[in-house]
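Have a look at the structure below before the remarks.
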Amino acid sequence: MIPCAYFMNIFKVARSIWIGMGITLKYFLNHKKTLCTIQYPKEKDLIPARHRGIHYLETEKCVMCWKCSDICPVDCIYIEGVRGADGPLQGGYRGQKATLSKFTVDYTVCIFCGLCEEPCPPKCIWLGPEFDYHSTDRTMMEKNLLTDEVYTEGDEVFVEWARGENDRLQEEKKKQKEAEKAAKEAEKAAAAAAEAEEEGSDAEGESAE
Amino acid sequence: MNEIENRNPDPLTKNVIFMSAIDDVINATRANSVWPLTFGLACCAIEMMATGAAKYDLDRFGSGPFRGTPRQSDLMIVAGTVTHKMAPRVKRLYDQMPEPKYVIAMGGCVIRGGPYVKHGYHVVKGVDLLIPVDVYIPGCPPRPEALLEGLFKVQKLMKREKILDRTRRTTKPEVYQPV
Amino acid sequence: MNLFVFTNFFAQTGKDLKNLGDYAEAASTKWGLAEPGVYYEGGLFFAGLIKWLLSTTEVSSALPFAGTVNGLMTSLAADGSIFPELGGLLITIGVVFGFVNVFAIGAVWSERKVSAHMQCRLGPMEVGPHGLLQTVADGLKLLTKEDIIPRLADKPLFAIAPAVVFAGVLMRFVPLPFGDKLIASDLDLGLFFIAAVGAVEVLGVIMAGWASNNKWSLFATIRTATQMVSYEIPIGIAFVTVILCSGSFSLMEIVNQQGGSLLSADDGYTYQGWVWHWNLFRNPFMPILGIVYFIASLAECKRAPFDLPEAESELVSGFHTEYSGMRFALFFLAEYAAMYLVAAVAVVIFLGGWWSGIYPLDALGTGPDATIYTKTLGLLVKVGVFLSKAFALVFVQMWIRWTLPRIRLDQMMYVCWKVLLPISLLCFVGSCLWELVSGGASVFGFGIVVE
């Protein structure tokens with residue numbers, strides 16, 4: 001009674017080890033042909049066309065519709081600006097129907113989903129081929145898309161001023177509107193008074209006859 | 001490639017001053033042998049494995065041996081979402097690592113919670129609420145090349161240390177000084 | 001080099017020795033007597049070299065303590081030196097330990113490169129040219145790490161365990177030759193010593209796992225102890241078979257019987273060893289025994305596929321989980337030293353030691369009319385042959401590691417007790433019967449011919 005299974009077991013193990021070691025030896029000896037390493041800092045890989053990386057904005061096309069900011073699932077896009085095509089903000093960034101003062105993406109939260117690209121009407125925001133935005137400090141990871149630089153406190157100063165300017169302009173506009181309204185009402189009142197006077201004089205004329 | 005480095009250089013690593021020769025030698029050898037801890041929690045772990053695999057080889061920079069135990073590793077790459085259940089274990093493993101130790105926060109989830117930042121009741125919104133982080137790498141998940149750049153940043157941070165002064169990590173500026 | 005002869009060489013007075021040739025001449029004769037060619041002691045050549053270096057080089061007087069250093073060097077080299085035994089001892093220890101360190105540095109680098117090349121990638125590339133300085137960087141980094149001892153760990157055991165493991169490995173280098181007569185000490189019980197002292201390593205591993213106060217380390221320790229102790233049995237049976245066929249425990253004697261012998265013609269030997277005179281082809285059971293020994297020695301070294309003690313996915317790095325910094329570096333060093341050790345022992349007992357199997361290479365530097373330079377060259381050739389065979393076996397160990405997955409605990413026990421042990425016992429019994437029937441002959445004859 002020969003334990004056939006026992007010897008078959010040993011034979012199968014030996015054969016599988018033999019085959020396996022043959023494969024590794026083949027890879028070891030054909031090393032130059034099987035090498036697939038891209039030595040990163042010296043050689044770089046091809047980035048595909050639809051790669052979703054760091055955002056870019058074409059400022060002159062932007063209509064400040066806030067659609068990209070609304071659809072962002074993590075609320076990482078911050079947009080501020082002033083309506084009106086004639087650019088009331090001096091030194092601002094002129095878009096199509098608005099002047100932008102702040103357009104930043106916060107990369108500490110951004111998940112690079114690409115949803116902000118789709119609803120943009122003039123298709124002015126897109127995700128580009130760059131992927132590297134690491135930092136030692138998480139306050140340095142917000143990108144100002146208007147200047148393509150990191151959003152710093154200097155930019156924040158401009159944005160505060162822009163908000164102040166915006167408020168002031170809104171106030172002015174409101175005053176102007178009120179003044180116009182007051183003038184219109186005064187005109188209307190004057191016109192009504194003139195008509196009433198005419199009617200009164202007509203009525204008087206008729207009664208005198 | 002890194003926009004920040006090109007336009008606004010990090011004041012911590014901008015000018016690597018020549019220190020004494022012994023510091024340079026020790027830091028250079030330490031920087032070339034950074035052993036990471038296998039701490040892949042979620043999808044970013046796949047990219048970390050891809051970085052260790054054949055195409056972008058981490059072993060080229062000496063970081064090949066991923067140690068299973070925190071006692072033998074220098075670098076903790078927190079790759080993946082940290083949940084409330086996992087948080088005490090993250091802290092425990094960080095405490096078990098011997099000095100000098102470094103942490104890379106890889107991916108959106110460990111910087112500010114990532115896609116879970118608005119409604120994630122189970123997620124710790126950023127691993128630096130638990131442990132001090134040296135390098136943040138955004139991405140969901142970051143490309144292997146981005147992780148390699150983060151590793152280079154850690155190596156640069158190592159190179160600015162002095163052997164006689166072990167308080168190297170705490171010198172972050174309080175207020176950001178624009179360059 | 002035979003330590004006793006070495007130290008005596010340093011202590012004895014000789015004729016007026018001026019240049020390297022004189023020293024080598026004096027060293028190549030037995031006891032430094034003026035009869036060249038009578039007795040060639042390979043190790044003594046290096047003694048002569050060191051003595052020449054010590055007596056002719058000088059530290060420049062600009063350095064501090066130059067006078068003291070120079071005096072010490074000349075006194076070590078001069079006739080009737082002040083520390084004969086100590087000098088010889090230090091040099092022997094230095095050479096062996098230095099070899100182990102250099103080998104470990106080279107082996108770690110080559111392991112990473114070999115594994116990388118088998119996985120279609122490059123290994124370390126940035127540190128030196130093609131990453132040659134990578135292990136140096138690793139070692140220096142481990143020196144600068146914090147030394148952690150867990151609070152509830154058994155501190156004395158925790159501290160001593162790496163040293164015990166490393167000592168257990170290093171002690172086994174004592175009877176191990178590097179070339180013809182290049183041994184720290186040619187013990188008469190060489191193989192037995194190697195097998196017995198190997199148990200010290202098991203003790204060190206058990207100490208490490210227990211002292212860590214960590215359940216993973218404890219599991220790993222139990223698995224390791226089981227594995228190492230079990231696999232010592234097929235190794236022991238392989239040793240016993242070889243001893244049986246060769247008739248001696250001494251490693252040099254075993255090697256000498258596989259090729260030529262360089263004892264002088266007065267002792268009645270001539271040398272004509274070819275490849276088929278090696279122990280591996282001595283009788284039909286020896287190749288099987290060689291494979292059994294190789295597999296069992298892989299398990300002794302805790303190398304894959306038997307690396308249960310270090311299994312990451314199950315045991316978080318096994319018995320050295322709690323070790324950091326230099327203590328871990330000692331475990332690392334011990335593992336690579338053990339790799340070389342078992343490879344070298346396999347070369348000695350099965351693969352013909354330093355005999356290349358090609359007659360002209362083996363006969364270089366032997367014979368009555370050989371000059372100093374051919375003798376030196378012959379010795380270097382033999383050392384080169386031995387090291388190449390040992391490194392080839394180390395490469396095979398690495399090749400196996402990066403091919404095979406880890407085996408389970410029960411599979412490991414099955415392999416040891418149900419496969420390797422019966423096969424090795426059968427080969428042992430077969431060799432005994434062979435020796436009885438054939439009267440001690442080998443299949444292809446012997447390398448030495450007694451006239």
Side-chain angles (χ1 to χ4, degrees), chain B residues 22-40 49-75 89 92-93 95-102 144 148 151-152 155 158-159 161-164 166 168, chain C residues 108-109 111-128 130-151 153 212 214 216-217 220 310-329 331-332:
Chain B
I22 186 87
D23 275 333
D24 264 359
V25 165
I26 290 182
N27 291 338
T29 52
R30 279 178 52 220
N32 281 318
S33 166
V34 184
W35 287 356
L37 173 68
T38 55
F39 203 58
M49 293 180 220
T51 315
K55 192 169 181 190
Y56 311 94
D57 190 7
L58 256 190
D59 201 9
R60 285 183 293 129
F61 307 102
S63 299
F66 275 79
R67 307 306 303 176
T69 166
R71 304 276 188 204
Q72 293 155 14
S73 55
D74 314 290
L75 174 70
R89 283 98 182 158
R92 194 184 181 100
L93 285 174
D95 288 335
Q96 284 179 341
M97 285 167 70
E99 294 280 348
K101 54 190 170 187
Y102 303 86
L148 286 176
L151 179 72
F152 299 157
Q155 289 179 346
M158 281 172 140
K159 285 181 183 160
E161 296 179 13
K162 293 194 196 327
I163 191 76
L164 293 176
R166 302 294 260 177
R168 67 266 174 283
Chain C
V108 171
W109 174 81
E111 164 127 47
R112 285 166 81 156
K113 279 302 217 186
V114 161
S115 72
H117 286 208
M118 286 182 180
Q119 294 169 356
C120 308
R121 57 187 179 94
L122 302 163
M125 292 289 284
E126 301 286 320
V127 191
H130 281 274
L132 283 169
L133 299 174
Q134 179 63 51
T135 320
V136 175
D138 284 341
L140 280 174
K141 183 213 69 168
L142 285 170
L143 270 176
T144 62
K145 294 288 277 185
E146 178 191 1
D147 181 30
I148 294 181
I149 301 185
R151 188 167 48 96
S212 297
N214 183 349
W216 313 118
S217 302
E310 309 167 349
E312 270 171 18
S313 44
E314 296 142 30
L315 297 170
V316 196
S317 209
F319 62 93
H320 50 75
T321 305
E322 296 283 345
Y323 284 87
S324 58
M326 209 57 211
R327 301 183 200 272
F328 169 68
F331 276 121
F332 213 46

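Residue numbering restarts at 1 for every chain, and letters A, B, ... go by the order of the sequence lines.
When each of C:Ala137, C:Gly139, C:Gly325 is checked for heavy-atom pairs under 4.5 Å with chain B, C:Ala137 comes out on top. Top candidate by heavy-atom pairs under 4.5 Å with chain B, chosen from C:Gly123, C:Gly131, C:Cys120, is C:Gly123. Across C:Gln119, C:Glu322, C:Met125, C:Lys141, the residue that shares the most heavy-atom pairs under 4.5 angstrom with chain B is C:Lys141.
Within the 4.5 Å cutoff, no side-chain heavy atoms of B:Gln96 are placed close to those of C:Ile148. The shortest distance between side-chain heavy atoms of C:Lys145 and B:Trp35 does not fall below 4.5 Å.
Only the side chain of C:Gln134 has a heavy atom closer than 4.5 Å to any heavy atom of chain B. Contacts between B:Asn32 and chain C at a heavy-atom distance below 4.5 Å involve backbone atoms as well as side-chain atoms.
Here the CG-OG distance, from C:Leu140 to B:Ser33, works out to 9.0 Å after rounding to the nearest 0.5 Å. Rounding to the nearest 0.5 angstrom, the gap separating the CD atom in C:Glu126 from the CD atom in B:Gln155 is 8.5 Å.
In this structure, B:Gln72 contributes its side chain and C:Tyr323 its backbone to a donor-acceptor pair below 3.5 Å.
Under the side-chain contact (heavy atoms from CB on, under 4.5 Å) rule, B:Arg30 has a single partner from C:Thr144, C:Leu143, C:Asp138, which is C:Thr144.
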